[in-house]
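Contents: one structure, followed by commentary.
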Amino acid sequence: MVQAEINTTLRQLPSVDALLKESTAMSMVTQYGRPATVDALRKALDAARARLMAGDTVPIHNRAILAEASSHLSTNFRPTLRPVINATGVIIHTNLGRALLSRSAQKALLKAAENYTTLEYDLDTGERGSRYTHAESLLCELTGAEAALVVNNNAASLILILSALARDKGVVISRGQLVEIGGGFRVPEIMQQSGAKLIEVGTTNRTRAADYEQAITEETAMLLRVHASNFKIVGFTEETPLADMAKIARERKLLLVDDLGSGTLLDTSKYGLDREPMVQDSIAAGADLICFSGDKLLGGPQAGIIVGKKDHIANLKQNPLARALRADKLCYAALNATLEHYRKNEATDHIPVWQMIARPLETLQETAYSWSQQVGGTVINGESAVGGGSLPGATLPTALLALDVSSPDAIMARLREAEMPVIARIQDNRVVFDPRTVLRQQESALLAAIRTVVSN
Ligand SMILES: *Cc1c(COP(=O)(O)O)cnc(C)c1O
């Protein structure tokens, strides 16, 4: 095109003001606000102008400019934290946000969000109360502990315990438990950060009671057990039972702290899994303090839960770090609602983590079969993982929908582009979907996404 023609075409481009009068632009203003809409229209116009200047002869309609602005806005306004469909079968998937909350925990969150609450207010006296009271009695009732404290997450539990009770003192731990839990949480580094002195005993695979006893000096404050969480030592192994550690701690006047990681209030061995250590057992074995996560097998919100002896918990509450690591009202609301399910003995009916663990194989097979009827693929036997550092290596038998495709990676990438992104798994060069972690209300979106990627 000659320059004169380009100039003519450029002059025909609409103004931002003219575009704003179109109904699609008006609905963009309603949805995203005026400044962002004006900005997006301006960008779309600039792009059109640049194309014309470069000699593009395709006529530019207002509709196309508006569509470009709209797509720009929807991408820009899309939150980075988005719901996804977890078809991996990993129940406590740390990257996908770990435990889902029960309906009543969801409702409790909403209630605490929309109303003022008694977070730190005593209705009897009309005076200031303590947030620490909220989950405490329920946690004591369920675990048999004397006292309890909730903090932001379990990493915070350990930091608080070590800083408050072992600063500048020795903490004895088995070499087999000096683990890195993920996200850079390394036990030796946490100790250093907290000002505690690490005293390693035993070997990677064997630590006996005598190893602990020999390592204790005047400076020692604590024996610490850390659940290995994400790995398993097999073969020639020996760990000192917690009750034996408790006996040593009592005799030598030391604290015994047990970081259970996930911890559980229900017996996992009833569901065809290994027996994950239970919080109640650690209390009964004589640990002074036990800490575990709120959003692993407990199935609640992100939290660090510390239970144990009254004096030690009181010490922790008074430490200035407790203020920095404290749980918020939303956490307490969801945690209490979750704990209520345990109190009513209805955890497997209402807490998603336990519903998923308890889902019968026949139901999973029926679901996978019905999916295959609708979108093709074959149903194969597979394994679901509990995840979240609980029960390392343990799996539950499941049924998978398997798609034979030429490029599994490309299919996985396209599944992630769906409106409700689908996270699947590749197994033996096939894309597989595990019904165990897919919610009933997500099934139609999942099947629509699969249809889209297999049809073209
Ligand atoms: C997961 C885990 C933690 C960290 O808990 P968060 O709640 O993720 O902070 C600490 N210790 C052990 C043994 C764990 O498994």
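We count ligands from 1, going down the list as the structure has it; atoms in each ligand are counted the same way.
The side chain to side chain donor-acceptor pair (under 3.5 Å) search around E146 returns none, not counting sequence neighbours. For Y369, there are no ring pair (Phe, Tyr, Trp, His ring centres under 6.0 Å) partners at least two apart in sequence or on another chain.
Taking the six-membered ring where tryptophan is involved, the planes of Y32 and F77 are tilted, since the angle between them lies from 30° to 60°.
Checked by distance only, ligand 1 and D259 come closer than 3.5 Å through their nitrogen or oxygen atoms. Residue D295 places no N or O, backbone or side chain, under 3.5 Å from any N or O of ligand 1.
When each atom of ligand 1 is checked for a heavy atom of H227 under 4.0 Å away, the hits are 13 (C). Atom numbering of ligand 1 starts at 1 in the shown order; those under 4.0 Å from a heavy atom of S293 are 5 (O), 6 (P), 7 (O). Close approach to A155 involves these atoms of ligand 1, each under 4.0 Å from a residue heavy atom: 4 (C), 5 (O), 6 (P), 9 (O). The contact set between ligand 1 and R98, taken as ligand atoms under 4.0 Å from a residue heavy atom, comprises 6 (P), 7 (O), 8 (O).
Between K169 and E218 there is no salt bridge, since none of the side-chain N atoms of the basic residue sits less than 4.0 Å from a carboxylate O of the acidic one.
Look at Q302 and you'll find every heavy atom at least 4.0 Å from all atoms of ligand 1.
In this structure, the side chains of Q427 and I380 come closer than 4.5 Å at one or more pairs of heavy atoms.
Around atom CG of D311, no more than 12 heavy atoms belonging to other residues, nucleotides or ligands sit under 6.0 Å away.
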